[in-house]
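So the structure is just underneath, and the comments pick up after that.
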Amino acid sequence: MPHGGVAIALSIVSAWAISFSSAFKTGAEGIGVVGCLLLIPWFTFLYTGLFVTGHDSMHGSVDPSSPRVNRLLGKVCLFFYGLIPYDKMYQAHTYHHQFPASHRDPDFHNGHNTHPILWYFRFMRSYWTLRQSIGLVIIYNGLHRVVGIPEANLLVFWAIPSLLSSMQLFYFGTYLVHREQPDTYSTPLCANSNYRPEFLSLISCYHFGYHREHHAFPDVPWWQLPHTKLETCPQLVTKYRPMSSGSTFETTTRPFVQRDRTRLNT
């Protein structure tokens, strides 16, 4: 569908902007405890949507017909998500796709700290910068101490959902799909796929459970991944079929996969 990616991206940004402004206008106190508890997962989902849109922009799939629009939407989404610099993120994510599950993959563990909690902190350290931290601290304190926005609003509608979103992205978009399973590292994709009912797949992490598909077709936008299952394409099943001999690793530079085949205790 023409410009479908732009329409979906703008829908996510608009939903976040409208929800964000409305919630701040009403305030956490006016919404109440129950309302805030319901809004936190909603904002978490929207923040994840901002990041996923920025991610798709790096693959050129938000607006394939206009690199300028595609890049602009990606930069805007990553900025609102957490002041993430687009170019730095683009370079790191390129390494993730070129060298999955290796020492050059910023999303992967370091070969020793394979526990999900340790892996999460390494994942965050790969993408977080001191400049972002200082910027967020300045904005947070400026909004609270200078503008006078109640701290409860900042926590409930911004800080907590952003943190939960990073955990959601890591757990569903990195840990589950790149942890070692019987056939995870026996193909060049070095990824798993977790097929859930479409609604659950959407709310879990915008269909990122279709991760082998994403690595095989990185230019396919998130909303088309459920229709791109490798199992339905005989040519791709042959190309990416598991190789139990493990000989794939003899011709790749993936030392953590090759020498540190530590199974995660999950």
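A ring-centre distance under 6.0 Å is found for His93 and His59. Note: His103 and Phe108 fail the aromatic proximity criterion, with ring centroids not under 6.0 Å apart. Aromatic ring centres of Phe208 and Trp222 lie farther apart than the 6.0 Å criterion allows. Taking the six-membered ring for Trp and the full ring otherwise, Phe20 and Phe157 have centroids separated by 6.0 Å or more. Ring to ring, Tyr86 and Phe79 are not that close: their centroids are 6.0 angstrom or more apart.
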Side-chain donor-acceptor pairs under 3.5 Å in residues 130-137, sequence neighbours left out?
unit_1: Gln132; atom_1: OE1; unit_2: Thr129; atom_2: N; d: 3.1
unit_1: Gln132; atom_1: OE1; unit_2: Thr129; atom_2: OG1; d: 3.1
unit_1: Gln132; atom_1: NE2; unit_2: Gly82; atom_2: O; d: 3.1
unit_1: Ser133; atom_1: OG; unit_2: Trp128; atom_2: NE1; d: 2.7
unit_1: Ser133; atom_1: OG; unit_2: Thr129; atom_2: O; d: 3.3

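Look at Arg71 and Asp87 and you find a salt bridge, because one of the NZ, NE, NH1 or NH2 atoms lies within 4.0 Å of a carboxylate O, short of that distance.
Residues Phe51 and Leu78 approach most closely at CD1-CD2, 3.9 Å, considering heavy atoms.
Of the options Arg212, His211, His215, Glu213, a side-chain hydrogen bond (donor to acceptor under 3.5 Å, both in side chains) to Ser193 is made by Glu213 and by none of the others.
Connectivity analysis of hydrophobic side chains (ILVMFWY, heavy atoms under 4.5 Å, direct or indirect) links Leu37 to Val33.
We find the NE2-SG distance between His96 and Cys190 to be 10.0 Å, quoted to the nearest 0.5 Å.
The aromatic rings of His97 and His55 sit tilted relative to each other, their planes meeting at an angle between 30° and 60°.
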